[in-house]
Undergrad: 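Attaching a single structure in structure tokens format; questions to follow.
Residue numbers start at 1 and run along the sequence shown.
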Amino acid sequence: MTLEEIHGQDTVVESADRMHSAGKALHELLVSAQRQECLTVGVYESAKVMNVDPDNVTFCILAADEFDEGDIALQIHFTLIQAFCCENDINIVRLNDTEKLAQILGYTDNSGEPKDLHCILITNPNEDAWKDPALEKLGLFCEESRNVNDWVPSITLPE
């Protein structure tokens, strides 16, 4: 076994651990932000918040399932939101499981219109900077991802 092969195996394990840690932190952040009423849910609602008060947005989650990947309008929205977040130094991640997201947020109710979970913003509850360990972990995860040219990293939520 060559040194490159050994290093490659370490990188895969480290990447999996990093991804699991980020998924766990995202779960904690969503629960905490919902408890503090710091969530904006939905593409259009998020666009309104970003237009009115972008300095109040601390984190952005773009969520889509496999069948959403073919939705051209949604992909255009995602591109515009990503550009806005990058321009305003807002950390952003992609999530590929809206079903788990709905369970975490308690939107599993089958009655009525389904909730638009394609874009979720975490905002500051007040003028003071919100200090949350999970938010700090995710900020570091995003920074590390940008260092390897992964500008919008994908995260998998834990089971």
Undergrad: Taking NZ in K24 as the centre, count heavy atoms belonging to other residues, nucleotides or ligands within less than 6.0 Å. Is the count above 12?
TA: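 No, because the 6.0 Å sphere around NZ of K24 holds 12 heavy atoms or fewer from other groups.
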Undergrad: Let me confirm one number: the SG-CD1 distance from C85 to I61, rounded to the nearest 0.5 Å.
TA: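 Those atoms lie 10.5 Å apart.
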Undergrad: Do T40 and V49 have side-chain heavy atoms sitting under 4.5 Å apart?
TA: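 Of all side-chain heavy-atom pairs linking V49 with T40, at least one is under 4.5 Å.
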Undergrad: Quick one: CD on Q82 to SG on C60, what's the gap to the nearest 0.5 Å?
TA: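 Result: 8.5 Å between the selected atoms.
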Undergrad: CG/L29 to CD/E136 distance, rounded to the nearest 0.5 angstrom?
TA: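 The CG atom of L29 sits 11.0 Å away from the CD atom of E136.
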Undergrad: To the nearest 0.5 Å, what is the distance between CD (E28) and NZ (K137)?
TA: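 The CD atom of E28 sits 5.5 Å away from the NZ atom of K137.
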Undergrad: Which pairs, with at least one residue in residues 29-62 and sequence neighbours excluded, count as a ring pair (Phe, Tyr, Trp, His ring centres under 6.0 Å)?
TA: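 Every ring pair (Phe, Tyr, Trp, His ring centres under 6.0 Å) pair that includes a residue of residues 29-62, provided the two are not neighbours, is Y44-H77.
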Undergrad: Kindly write out the residues that satisfy side chain to side chain contact (heavy atoms under 4.5 Å, CB included) with T98, not counting sequence neighbours, or none if the list is empty.
TA: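 In terms of side chain to side chain contact (heavy atoms under 4.5 Å, CB included), with neighbours along the sequence ignored, T98 is linked to A63, D65.
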Undergrad: Can you tell me how far apart CG (N56) and CE (M50) are? Round to the nearest 0.5 Å.
TA: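 Answer rounded to 0.5 Å: 12.5 Å.
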Undergrad: For the CD1 atom of I104 and the CG atom of L157, what is their distance to the nearest 0.5 Å?
TA: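 Rounded to the nearest 0.5 Å, the CD1-CG separation comes out at 4.5 Å.
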Undergrad: Any idea which heavy atoms bring H118 and A64 closest together, and the distance?
TA: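 Shortest heavy-atom contact: CD2-CA, 4.3 Å.
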Undergrad: Any side-chain donor-acceptor pair under 3.5 Å between S32 and D132?
TA: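 Yes - a donor-acceptor pair under 3.5 Å links their side chains.
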Undergrad: Under 4.5 Å side-chain heavy-atom separation, chaining through any Ile, Leu, Val, Met, Phe, Trp or Tyr, what else clusters with I76? Say none if it is isolated.
TA: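 Reading the cluster by chain and number, I76 sits alongside I72, L80.
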Undergrad: Let's go through E69 and R94 carefully: what are the C-alpha distance in whole Å and the side-chain angles of both, what is the deciding distance for salt bridge (charged side-chain N to carboxylate O under 4.0 Å, His left out) to 0.1 Å, and is it a yes or a no?
TA: CA-CA 12 Å; E69 296 300 324; R94 297 265 326 220; 3.6 Å; yes
